[in-house]
Amino acid sequence: MKNILGKSFFARPVVEVAPDMLGKYIVCSAGNHEVYSKIIEVEAYDGPYDLACHASKGRTKKTEVLWSDPGTLYVYLVYGMHWMLNVVTTAKDYPAAVLIRATVDAVGPGRVTKYFGINKSLHGKIATTRSGLWFEDRGELISKNHILRTPRIGVDYAGPVWAKKPYRFVLDTKNRLQ
DNA sequence: TAAGTGATCTCT
DNA sequence: GAGATCACTTAA
């Protein structure tokens, strides 16, 4: 069973979408074949008041994609060398996104994008059609008991409240095997 | 543990 | 234009 995740999947509060993405697959078309991998770790960034979310810095040329339709890809470079892959969620004109932090084949957000060959060319592209990059539900059921919640990584600057929000979702190691 | 790397933002 | 700041990785 391979169901592509559509706009309705992403058009929900980001703290609901994020854990639901665990166990789903990222699929990326590469020439005449497809590269895919199962998602095992994500983080949620929720709106203009979340100081860890880029949208809290204001709507700029860099961040404006966050205000796009749910299912839009938000890709940007950090530390001059690592691309981060995010998916816009919730609703158009509400800036929230899920950061893909790890798959079974690539642990670490910078390594995920390297594994799939992702760069700025996907920034602003829609992820709900079978072109470029999209997400699939391959029928793997994930029990809530197997999802760990922790604070997000690398966002200490966001202040005591937002830095501590348990917006990081990790699939229990026993359930990572493909 | 710290260097590497570059886009972007916040002052001048 | 200069300086600071990053949702990180790697090698040591």
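The sequence lines fix the lettering, A, B, ..., with proteins before strands; numbering per chain opens at 1. Since this is a predicted model, take the numbers as computed values, not measurements.
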- Item | Atom pair distance, as rounded to whole Å: NE2 in A:His82 and C1' in C:dC6 | 12 Å
- Query: For DNA chain C, what dot-bracket results from Watson-Crick or G-U pairs at under 3.5 Å, with [ ] for crossers and | for inter-strand partners?
  - Reply: ||||||.||||.
- Message: The side chain of A:Lys120 is closest to which nucleotide in this list: B:dT8, C:dA7, C:dT9?
- Response: B:dT8
- Tell me which nucleotide among C:dA7, C:dT10, B:dT8 gets nearest to the side chain of A:Lys114. C:dT10
- Task: Could you go through the ring pair (Phe, Tyr, Trp, His ring centres under 6.0 Å) check for A:His123 and A:Tyr74 one step at a time?
- Result: CA-CA 5 Å; A:His123 184 59; A:Tyr74 176 64; 5.6 Å; yes
- Item | Spacing between A:Ile153 atom CD1 and C:dA7 atom C1', to the nearest angstrom | 10 Å
- Starting at atom NZ of A:Lys62, determine the distance to atom C1' of B:dT8, rounded to an integer number of angstrom. 6 Å
- Note on the structure: Rounded to whole Å, OH of A:Tyr79 lies from C1' of B:dA2 at a distance of 13 Å
- Query: Hey, does the side chain of A:Thr60 come within less than 4.0 Å of B:dC9's phosphate (OP1/OP2), counting only N and O?
  - Reply: yes
- OP1 or OP2 of B:dT8 sitting under 4.0 Å from any side-chain N/O of A:Tyr76? no
- Message: I'd like to know if A:Phe135 and A:Phe169 are part of one continuous hydrophobic network [Ile/Leu/Val/Met/Phe/Trp/Tyr, side-chain heavy atoms within less than 4.5 Å].
- Response: yes
- Query: Given atom CD1 of A:Ile100 and atom P of C:dC8, what is their separation to the nearest angstrom?
  - Reply: 14 Å
- Message: One thing to verify: whether A:Arg152 and A:Asp50 come together as a salt bridge, which I'm taking to mean a side-chain N less than 4.0 angstrom from a carboxylate O.
- Response: yes
- Between atom OH in A:Tyr74 and atom C1' in B:dA7, what is the gap in whole Å? 11 Å
- Message: As a test of reading the structure: which of B:dG4, C:dC8, C:dA7 is closest to the side chain of A:Met81, going by heavy atoms?
- Response: B:dG4
- Does one hydrophobic cluster hold both A:Val112 and A:Met81, with members joined at side-chain heavy-atom distances below 4.5 Å? no
- Message: Among A:Thr89, A:Thr90, A:Asp20, exactly one meets side-chain hydrogen bond (donor to acceptor under 3.5 Å, both in side chains) together with A:Arg12. Which residue is that?
- Response: A:Asp20
- Phosphate contact (C:dA7 OP1 or OP2) by A:His54 side-chain N/O below 4.0 Å: yes
- Task: Mind calculating the distance between CE (A:Met84) and C1' (B:dG6) to the nearest angstrom?
- Result: 13 Å
- Query: With respect to the phosphate group of C:dT10, does any side-chain polar atom (N or O) of A:Arg111 fall under 4.0 Å of OP1 or OP2?
  - Reply: yes
- In whole angstrom, what separates A:Glu64's CD from B:dT8's P? 11 Å
- Any ion pair linking A:Glu136 and A:Lys24 (charged N to carboxylate O, less than 4.0 Å)? no
- Item | Side chain of A:Leu77 - closest among C:dC8, C:dA7, B:dA7 | B:dA7
- Message: Test salt bridge (Lys or Arg N to Asp or Glu O under 4.0 Å) on A:Asp105 and A:Lys38; report intermediate values, then the result.
- Response: CA-CA 8 Å; A:Asp105 297 293; A:Lys38 185 163 78 172; over 6 Å; no
